[in-house]
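Below you'll find the structure, written out as structure tokens, and then a few comments.
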Amino acid sequence: MNSEVGADFLKDLPPVEFCCAYGSALLGNHDKKTMVDYILGVSDPMKWHSENLELNKDHYASWMVHLGGAKMITLVADKIGVGVHFNPFVNWNNRVIKYGVVRSHDLVQDILHWKHFYLSGRLQKPVNIHVDTLDIANLNSVNLKAATSAALLLLPPEFSEEQLYAKICGLSYMGDVRMLFAEDKNKVNKIVQGQFQLFHTMYRPILEGYAAKDVLRFPSSGGRLGNIIQNCDLPVTQSLVSSLPSTFKSCIGMGENSKSSQSGQLRHEVAIGSRKEAADCMRKVLRHKVMVSSTRQAISGLLATGGVHAAQYLSNKMSKWWKS
């Protein structure tokens, strides 16, 4: 995508601590009708929205502006949604953009602990980072490793690199209410096929690390052809589960055993019964978390968008679903 779009757009907003663009814009889509999507991290959403209302009141639904302003906007995002307020259909420089505003602390919590598994899911896919005073690019490596581990638990012993990225990409859509009626049913495959090289660059260090530990074995050709083989032994499965956020490990119901290493330090190992048990439990927990988060955010989004824009947004989503 044209990085100037993101950099120039931020000049019209109050300062942010983090900004990334995501979605089809990363493919260099220059169609003026295609909405460019952003996530903005700010230290104090209420203060930020208050300042932005002075600058860009027309970005917000009129009912929110008149009935409570920044306080109402933040309240709906935090209490009904999952802490993110989106302003879609913003016309800027002959483009249509959508930006979501989130508290920086909440963004970090979702990345590291999958609290809502909402923005963390988005950051498991390729993004274009414009501002990063929070070192999100570095923190996100924890998120990417957890996503890789989760995907491996759900994959068979042998799979292609494209199947791995599709499984990673699909984690954040498991249980998503929008997939029932308002999203392209082939969305995951289209994302991976259109951004394969970006996925490869993102996940290469993690896959190489797993290969060094004999968790994965790559095809001898080293290219896209040929399948990856994974070690499905129980100790490896325990290691994969250990890479998941602690809230997931506790929800899965798998305790931790403390053992002394050769150096005399305590190390924690996850106790599980079988690989299938771990995968089934994780799938159930993930599906429930995504279902709750997507439902809350969908309701919050409709309220925040306002009547006309909400109808327009839903119509666009329904059209993609119908065509797929």
Side-chain angles (χ1 to χ4, degrees), residues 1-7 9 18-39 95 97-98 111 119-132 135-156 158-174 176 179 183-213 215-230 240 243 320 324:
M1 94 176 251
N2 182 356
S3 60
E4 292 183 2
V5 172
F9 165 66
F18 174 78
C19 170
C20 74
Y22 65 94
S24 59
L26 297 181
L27 301 177
N29 191 332
H30 300 295
D31 183 358
K32 299 287 187 181
K33 296 179 181 178
T34 300
M35 195 151 51
V36 184
D37 302 310
Y38 298 89
I39 294 295
R95 293 300 301 260
I97 65 174
K98 176 179 76 173
I111 288 171
L119 295 180
S120 52
R122 299 222 167 148
L123 288 169
Q124 289 165 3
K125 307 171 189 68
V127 297
N128 191 342
I129 295 177
H130 295 288
V131 177
D132 190 10
D135 201 21
I136 293 296
N138 184 48
L139 288 174
N140 199 44
S141 61
V142 176
N143 182 32
L144 299 184
K145 184 176 181 181
T148 304
S149 297
L152 290 174
L153 286 170
L154 299 174
L155 284 165
E158 193 170 328
F159 52 87
S160 68
E161 189 176 355
E162 190 168 304
Q163 286 173 324
L164 171 61
Y165 300 147
K167 189 63 70 175
I168 291 172
C169 184
L171 294 175
S172 57
Y173 295 113
M174 292 173 60
D176 191 331
M179 298 302 290
E183 283 287 4
D184 183 345
K185 294 188 290 290
N186 300 313
K187 184 171 186 173
V188 169
N189 289 333
K190 288 180 179 178
I191 291 173
V192 173
Q193 290 167 7
Q195 302 182 15
F196 180 87
Q197 197 55 47
L198 294 176
F199 273 100
H200 178 78
T201 301
M202 254 181 108
Y203 285 94
R204 183 177 178 181
I206 296 170
L207 299 182
E208 289 178 344
Y210 275 149
K213 294 179 180 179
V215 175
L216 299 177
R217 191 165 77 247
F218 295 110
S220 56
S221 63
R224 191 169 175 176
L225 299 175
N227 285 344
I228 301 170
I229 298 173
Q230 67 167 318
L240 293 177
S243 297
K320 290 181 180 180
S324 68

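How far CZ of Phe218 is from CD of Glu161: 7.5 Å, rounded to the nearest 0.5 Å. A distance of 5.5 Å separates CD1 in Ile228 from CG in Leu164, rounded to the nearest 0.5 Å.
Contact between Gln230 and Phe159 at its shortest, heavy atoms only, is NE2-CE2, 3.7 Å. When all heavy atoms of Phe9 and Ile97 are compared, the pair lying nearest together is CE1-CD1, 2.6 Å. Heavy atoms only, all atoms of each residue included: Ala166 and Val188 are closest at O-CG1, 3.3 Å. The shortest non-hydrogen separation linking Ile39 to Tyr22 is CG1-CE2, 3.6 Å. Across His200 and Tyr165, no two heavy atoms sit closer than the pair CA-OH, 3.3 Å. Taking every heavy atom of both residues into account, Gln195 and Pro126 meet most closely at OE1-CG, 3.2 Å.
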Show which side-chain atoms of residues 141-156 pair as donor or acceptor with protein atoms under 3.5 Å away, not counting sequence neighbours.
residue : atom : partner : partner atom : Å
Ser141  : OG   : Asn138  : O            : 2.7
Asn143  : OD1  : Trp114  : NE1          : 2.8
Asn143  : OD1  : Gln124  : NE2          : 2.9
Asn143  : ND2  : Ser120  : O            : 2.9
Asn143  : ND2  : Asn140  : OD1          : 2.9
Thr148  : OG1  : Leu144  : O            : 2.8
Ser149  : OG   : Lys145  : O            : 3.0
Ser149  : OG   : Tyr210  : OH           : 2.6

>> Go through it in stages, so that I can follow the logic: the residues are Val192 and Glu162, the test is side chain to side chain contact (heavy atoms under 4.5 Å, CB included), and I'd like the CA-CA distance, side-chain angles, deciding distance and then a yes or no.
In response: CA-CA 7 Å; Val192 173; Glu162 190 168 304; 3.8 Å; yes
> Going through the checks in order, is the side chain to side chain contact (heavy atoms under 4.5 Å, CB included) test met by Lys125 and Met202?
Replying inline: CA-CA 8 Å; Lys125 307 171 189 68; Met202 254 181 108; 5.8 Å; no
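Taking the six-membered ring for Trp and thresholds of 30 and 60 degrees, Tyr38 and His130 have ring planes inclined between 30 and 60 degrees apart.
In this structure, the side chain of Lys213 does not engage the main chain of Gly209 through any donor-acceptor pair within 3.5 Å.
Legend: residues meeting side chain to side chain contact (heavy atoms under 4.5 Å, CB included) with Ala137, ordered by chain and number and at least two apart, are Ile129, Asp132. Here Arg204 pairs with Glu208 under the side-chain hydrogen bond (donor to acceptor under 3.5 Å, both in side chains) rule; sequence neighbours left out. Residues forming a side-chain hydrogen bond (donor to acceptor under 3.5 Å, both in side chains) with Lys167 (at least two apart in sequence, or on another chain): none. Take Phe18 and apply the ring pair (Phe, Tyr, Trp, His ring centres under 6.0 Å) test, not counting sequence neighbours, and it matches no residue.
At a threshold of 4.5 Å between non-hydrogen side-chain atoms, the residues Ile136 and Cys20 do not count as touching.
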